[in-house]
Student: 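One structure coming up, written as structure tokens, with questions to follow.
Numbers restart at 1 for each chain; the letters A, B, ... are given by sequence-line order, proteins then strands.
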Protein chains: 2
Amino acid sequence: MAGSRLTPSRPCRKMVAPIPSPFPSRSDPLPMDVTEKAQTAARGRRIRRENVERILKAAELVFAEAGCAGATMADIADKAGLPKANLHYYFGTKEDLYRAVLDNILRLWLDPLAGLDASADPATALTAYIRAKMDASRLRPNASKVFANEILHGASQIGEFLAEDLRRLVDRKAAVIEQWISEGRMAPVDPRQFFFMIWSMTQHYADFEVQVRTVLGRKKLTRDDFAHFTAEVVRMVLRAGGLAPPDDPVSCTGGVPGES
Amino acid sequence: MAGSRLTPSRPCRKMVAPIPSPFPSRSDPLPMDVTEKAQTAARGRRIRRENVERILKAAELVFAEAGCAGATMADIADKAGLPKANLHYYFGTKEDLYRAVLDNILRLWLDPLAGLDASADPATALTAYIRAKMDASRLRPNASKVFANEILHGASQIGEFLAEDLRRLVDRKAAVIEQWISEGRMAPVDPRQFFFMIWSMTQHYADFEVQVRTVLGRKKLTRDDFAHFTAEVVRMVLRAGGLAPPDDPVSCTGGVPGES
DNA sequence: GTCTATATTGTGATAGAC
DNA sequence: GTCTATCACAATATAGAC
């Protein structure tokens, strides 16, 4: 399940771990009745699944708040309601746990973009994409923060993901934008810069949430706040792509370009 | 010099420091000839200034690469070419050093925005602002990364800066945007979301540089790359604000809005 | 002011009883 | 599978000779 697309390279910091501890495998050497054994195994799997889930959830929170190096296993264990040793039982090392958290996040990242389809209407498709990204920022801000932190510090764990999976997907989706442009349905933008715009704007509301909140003078961002942000982002991005919605009061005001 | 706008609160992590070590003050108790003493003091100040500068530069790099918690005094000392103990001599604690680095950065942050003037032409003024921000991303990427990392993890050090200085400045500059809108010189955007757009797009090229580079298949971003990014960002932002440059081939294509 | 040597402790990881 | 007790180490910070 975990570690599929991740580079098993550099840890958060130079860490202790002189011995590469192998992942512990389950073994039941005790002789038992068959049905009884099956029941025990089933319960064991359920407990494992629940614990893994709780650990991953707590880890995402702590990694988001403190970063990879700043996070401590003790803190994660506390928030998961389990003793620290259990984290090592399930995940081996802190780095392994960090990669497992990241691996969960990468799925969130690719799925919305994969939906962009050339046969759809540009404004409709882009609006849906932006909404999906804004929903992700609202509902999974910690996932976004962990991802941002990983990129910010060099993407040592997900470098391969960026170079392979993401790059290929972006190449395909850039072709979609280019097709729209060549059909005259969009302004001629650099497709990749256009994606950077959408990513940075939408993720900003998760990653820089403190700044957004403070500048707006809010104690907490509500669902209504996010609805407003989303509407504004959609409007601005569509206009940036030459896709002004018809209900827009100002459609096209002339302006003087900057001193080139 | 340092620590003017910074909240002296939570450290990067729970740190050792049980004793609040006071900042060491200079003292010259040795009896000396007056001119000789002055010369020694002058040379001392010069050495101090140079060392402080080297330490701050190295610290900015290391804090950007590893984050606040992940950075080590030993690593900073290595990159500064000084023994570790000297860092503590000049800055006391790691947290103090981190705050000094941040304090340098805050200036960079406010200055370009402060230049926005209501009497100027909107497109010209915004173009200049975007260029200044893109130049900052190109020339001081590590400063941007340290700032992003600080916000990402809760802004425990610069919370006061955000709530006071930045918020006040944004309030003033939002009024500028609103004036332009009321004069019909810009599309009616939420001024603060408009600023978020500019900040996130421009800082993206520093903070997410690895991702930008990888998606584009570049080994390194050149000055020409940045010139292209800047031109695209300017075009998109101006269009988003309803300020289409006249040389833009697509001025205003109709589009279908998303399913509301 | 400089820098080696060291005190101290937070933290990742493991052993081993239950 | 669970969890207490413990180890080993790395990182902050300081003492004190130069």
Student: Under 4.0 Å between any heavy atoms, over every strand shown, what does B:A71 touch: base, sugar-phosphate, or nothing? Just pick one.
Tutor: sugar-phosphate

Student: I need the CE-P distance between B:M73 and C:dT8, as an integer number of Å.
Tutor: 20 Å

Student: With a 4.0 Å cut-off on N to O distance, would you call B:R192 and B:D171 a salt bridge?
Tutor: yes

Student: In whole angstrom, give the distance that lies between atom CG of A:D96 and atom P of C:dT14.
Tutor: 10 Å

Student: Sorted by first residue and then second, give each salt bridge (Lys or Arg N to Asp or Glu O under 4.0 Å) pair with at least one member in residues 55-74 of chain B; sequence neighbours left out.
Tutor: B:E60-B:R140

Student: With disulfide bond (SG atoms under 2.5 Å apart) as the rule and sequence neighbours excluded, what pairs involving residues 56-104 of chain A come up?
Tutor: A:C12-A:C68

Student: Strictly below 4.0 Å, N to O, side chains only: are A:R99 and A:E95 in salt-bridge contact?
Tutor: yes

Student: C:dG12 C1' sits how many Å from A:D75 CG, rounded?
Tutor: 14 Å

Student: Just to confirm, is there a sub-4.0 Å distance from OP1 or OP2 of D:dA13 to any side-chain nitrogen or oxygen of B:H88?
Tutor: yes

Student: Which atoms of nucleotides 2-6 of chain C (N or O only) lie under 3.5 Å from a protein N or O atom, and what are those distances?
Tutor:
unit_1 : atom_1 : unit_2 : atom_2 : d
C:dT2  : OP1    : B:N51  : ND2    : 2.9
C:dT2  : OP2    : B:Y90  : OH     : 2.8

Student: Measure the distance from CZ on B:R48 to C1' on C:dG1 and round it to the nearest whole Å.
Tutor: 9 Å

Student: Separation of A:E50 atom CD from D:dG1 atom C1', in whole Å?
Tutor: 14 Å

Student: Of the nucleotides C:dT11, C:dA13, D:dT12, which one has an atom closest to the side chain of B:K94?
Tutor: D:dT12

Student: Salt bridge (charged side-chain N to carboxylate O under 4.0 Å, His left out) with A:R54: which residues, sequence neighbours excluded?
Tutor: none

Student: Please state how far atom CG in B:L87 lies from atom P in D:dT14, giving the value in whole angstrom units.
Tutor: 13 Å

Student: Take the protein atom CZ of A:R54 and the nucleotide atom P of D:dG1, then report the distance between them rounded to whole Å.
Tutor: 15 Å

Student: Taking salt bridge (charged side-chain N to carboxylate O under 4.0 Å, His left out) as the test, write out the residues that go with A:D225, two or more places apart.
Tutor: A:R218

Student: When the distance from CZ of B:F91 to C1' of D:dT12 is rounded to whole Å, what number comes out?
Tutor: 16 Å

Student: Provide the full list of disulfide bond (SG atoms under 2.5 Å apart) pairs with a residue in residues 129-158 of chain B, sequence neighbours left out, each pair given once.
Tutor: none

